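Heads up: the structure comes next, in structure tokens.
Everything numeric in this text was worked out from a predicted model, so none of it was measured. Letters go in sequence order (proteins before strands), and every chain restarts at 1.
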Amino acid sequence: MTRFTSIDDSVTSSVDRAAEATTETLDLLKTLGRDLNAVTAVYDDHALGQAASFTPGTALSGVPLAHKQLFRREGWGDDGGSPSFEGRIAGETATVISKLDAAGAIDCARLVTVEYALGVTGHNDWAGTPQNPWQRDYICGGSSSGSAAVVSAGIVPVALGSDTGGSIRLPAAACGLFGIKPSQGLVSRHGVFPLSTSLDTIGPLARSVRDAALVLEVIRGFDAADPESVRAGQPPLLASAEDGLGGLRIGRAEPYFLTGSDAPVADATDAAIREMAGLGGTIIDTSIPGIEDTNPINVLLIATEAARGYAETVLEKHPVMNDQTVMRVLAGAFTDETEYQRILSARAHLARRMIANLFEDIDLLVTPVWPFLLPSRDESDVGARPEAASLMQRIGHNTRPFNFLGLPVITVPVGLDPNGLPLSIQLVGKPFDEATLIRAATALERHYAFWDSRPAGL
Amino acid sequence: MQAIVFGMTSVTPQISAIKARLAEAGISPDQITLALETSSTLRAVLARTDHGDDGGTMRTLYAEFAARAAPDDGGAA
């Protein structure tokens with residue numbers, strides 16, 4: 001059966017070709033996708049209808065896609081990955097989904113998310129825990145776990161995810177993908193099941209930098225329906241993609257990111273930084289004073305806004321919900337209005353100061369994504385192994401600070417760990433400078449040729 | 001440190017009211033304790049964090065960044 005691993009494989013002006021590709025994708029979603037526990041619902045009639053009537057000559061003409069369960073389409077399921085909303089139907093379509101429709105994409109399915117997108121391992125006892133296509137006994141990470149699984153497995157070339165504390169980057173990194181968490185305000189969240197109204201961001205996971213950039217170009221743009229949306233310029237993201245690392249000042253930040261990660265991960269990141277120097281980048285040691293506080297405040301802000309949105313639902317439905325979700329939402333119920341305003345104020349204040357200092361001397365920053373080697377599904381199952389809770393709390397160590405700061409980030413696979421699973425770094429850029437991230441990630445993509453070494457079957 | 005923070009928060013009437021509301025909804029005592037300890041630990045970090053006096057929000061900050069990143073088109077959408 002054909003695999004659609006890149007947009008170029010499937011973009012077409014032929015209705016017959018689009019129908020064929022859509023049919024094959026639907027079959028893959030229902031076979032391999034379900035076998036991976038990655039698929040929530042497949043919408044055959046809708047997808048085949050779109051394939052019969054798409055607009056040719058647009059950026060994503062006839063390209064079959066599937067997205068995290070949180071992305072609403074009117075009339076489709078809208079359960080947030082939780083039995084607490086089982087059977088709920090969306091009454092609206094997300095802005096980004098409408099943009100993909102207009103670009104000619106075929107919307108085939110919704111993919112498994114962690115309940116309420118509130119978890120980083122990918123475990124979901126109710127909807128299913130996706131298996132990592134690289135090694136089935138290992139997690140995909142979360143919360144955009146289904147998105148990472150189906151893209152990594154070659155079922156669709158790109159899938160959308162959401163990132164509030166690392167939920168695009170952790171699964172993208174675990175599955176060897178390029179995942180983009182864009183600048184705060186660049187991509188509309190309207191019509192996306194919210195977790196944290198302040199911190200949620202939307203972005204693509206793809207096997208190539210080019211595909212991630214193509215989709216980001218489609219979905220970005222101001223949307224008055226999203227209160228955090230801003231009017232940003234829309235430079236072509238791929239215009240400088242082939243310019244290489246020459247002339248770029250690359251920050252290696254310590255202490256916190258490397259010291260806070262286990263040696264195999266820190267060593268792999270340092271090795272990647274040395275490779276970047278060899279490719280023409282200028283490496284500059286830097287530090288971000290106070291960065292250690294951004295992680296716990298990010299967790300508090302997520303919990304507080306989750307509680308503002310869902311505490312009443314949780315109190316009513318908690319017997320059918322995951323205990324970890326219940327605890328994390330209710331932890332936010334103790335934040336009063338004064339403290340909430342203080343969080344928002346502190347975030348803007350610290351972000352202004354840290355971003356100004358950070359990018360005085362560098363163009364981008366390099367850090368690990370996961371702070372330790374990817375754990376197996378059993379090792380990281382907090383429901384079955386309560387001692388895994390401490391491990392889980394560490395997972396967002398390197399990712400949450402950049403949600404707090406609102407900065408754009410892309411994950412880049414740079415090798416395999418001893419278990420044969422992807423090892424990835426993240427590149428962090430200046431606000432709205434996604435183009436520089438695309439440029440640097442493209443240079444690394446060429447250098448490592450990561451997907452050339454994939455095992456048979458991927 | 002958690003116990004001290006927990007003690008500080010537990011005397012707040014509002015915290016007591018929330019705990020009572022959670023218990024009334026059938027949340028287990030262990031989960032209430034864990035949720036409050038987690039909250040207290042995180043809020044302790046917030047309490048010692050400089051929240052500044054420069055006002056503004058992340059949206060205004062990022063609108064400034066956007067205008068600076070694309071000065072020629074006035075930050076057009």
Side-chain angles (χ1 to χ4, degrees), chain A residues 183-186 198-199 221-223 227-235 290 292-297 299-301 303-304 311-312 314-316 318-319 323 326-336 339 341-353 355 405-406 430-433, chain B residues 5-6 8-10 12-28 30-77:
Chain A
S183 302
Q184 165 140 350
L186 184 69
S198 296
L199 293 163
F222 177 72
D223 181 6
E228 294 292 333
S229 183
V230 299
R231 295 182 184 277
Q234 300 196 24
E292 64 278 4
D293 285 345
T294 63
N295 184 344
I297 299 175
V299 174
L300 180 61
L301 182 51
T304 299
E312 290 304 319
V314 169
L315 291 183
E316 182 187 347
H318 68 87
D323 286 346
V326 170
M327 193 281 291
R328 286 183 216 141
V329 172
L330 295 182
F334 295 98
T335 310
D336 65 25
E339 287 171 315
Q341 294 304 323
R342 186 182 169 94
I343 300 170
L344 299 179
S345 171
R347 185 179 174 220
H349 171 70
L350 294 174
R352 181 181 294 276
R353 193 184 72 199
I355 292 170
L405 297 176
K430 298 174 184 173
F432 301 107
D433 192 15
Chain B
V5 174
F6 185 83
M8 285 165 55
T9 55
S10 65
T12 305
Q14 186 182 7
I15 297 289
S16 298
I18 294 168
K19 288 173 66 178
R21 172 80 180 92
L22 302 189
E24 180 191 352
I27 305 295
S28 73
D30 285 352
Q31 273 200 303
I32 294 172
T33 299
L34 189 55
L36 182 51
E37 285 182 351
T38 300
S39 166
S40 299
T41 302
L42 298 171
R43 287 156 58 230
V45 176
L46 177 69
R48 62 173 164 76
T49 301
D50 177 12
H51 68 287
D53 55 4
D54 43 7
T57 63
M58 284 296 280
R59 187 180 183 285
T60 58
L61 178 62
Y62 268 72
E64 287 175 29
F65 288 142
R68 217 176 297 161
D72 294 339
D73 64 5

(Q) Keeping B:Y62 on the side-chain end and A:V230 on the backbone end, is there a donor-acceptor pair under 3.5 Å? (A) no

**Q.** Heavy-atom contact with chain B under 4.5 Å, split by part of A:S229
**A.** backbone

(Q) Please find the pair of heavy atoms, one from A:D323 and one from B:Q31, that lie closest to each other, and give the distance. (A) O-NE2, 3.0 Å

(Q) Quick check against the 3.5 Å criterion: does B:R21 have a side-chain atom that pairs as donor or acceptor with the backbone of A:L315? (A) no

Q. Would a 4.5 Å heavy-atom cut-off, applied to side chains only, mark B:L22 and A:F334 as touching?
A. yes

Q. Among A:G406, A:A351, A:G290, A:P319, which has the most heavy-atom pairs under 4.5 Å with chain B?
A. A:G406

Q) Quick one: salt bridge (Lys or Arg N to Asp or Glu O under 4.0 Å) partners of A:R353, sequence neighbours excluded? A) none

Q: Write down the atom of A:P431, the atom of B:A69, and the distance for their closest heavy-atom approach.
A: O-CB, 4.5 Å

Q.
Using heavy-atom distances under 4.5 Å, tell me whether B:E64 contacts chain A through its side chain, its backbone, both, or neither.
A. side chain

Q: Write down the atom of A:A348, the atom of B:T57, and the distance for their closest heavy-atom approach.
A: CB-C, 3.7 Å

**Q.** Atom of A:E339, atom of B:L46 and distance for their closest heavy-atom approach
**A.** O-CD2, 3.7 Å

(Q) How long is the straight-line distance from CD1 of B:I27 back to CE of A:M327, given to the nearest 0.5 Å? (A) 12.0 Å

Q. How far apart are the closest heavy atoms of A:R231 and B:A66, and which atoms are they?
A. O-CB, 3.5 Å

Q: Heavy atoms only: give me the nearest B:L42-A:P296 pair and the separation to one decimal.
A: CD2-O, 3.4 Å

Q) Would a 4.5 Å heavy-atom cut-off, applied to side chains only, mark A:D293 and B:R48 as touching? A) yes

Q: Please examine the side chains of A:L300 and B:V45, heavy atoms only from C-beta on, and report whether any two atoms are closer than 4.5 Å.
A: no

Q.
Under the rule for side chain to side chain donor-acceptor pair (under 3.5 Å), what residues qualify as partners of B:R59, not counting sequence neighbours?
A. none

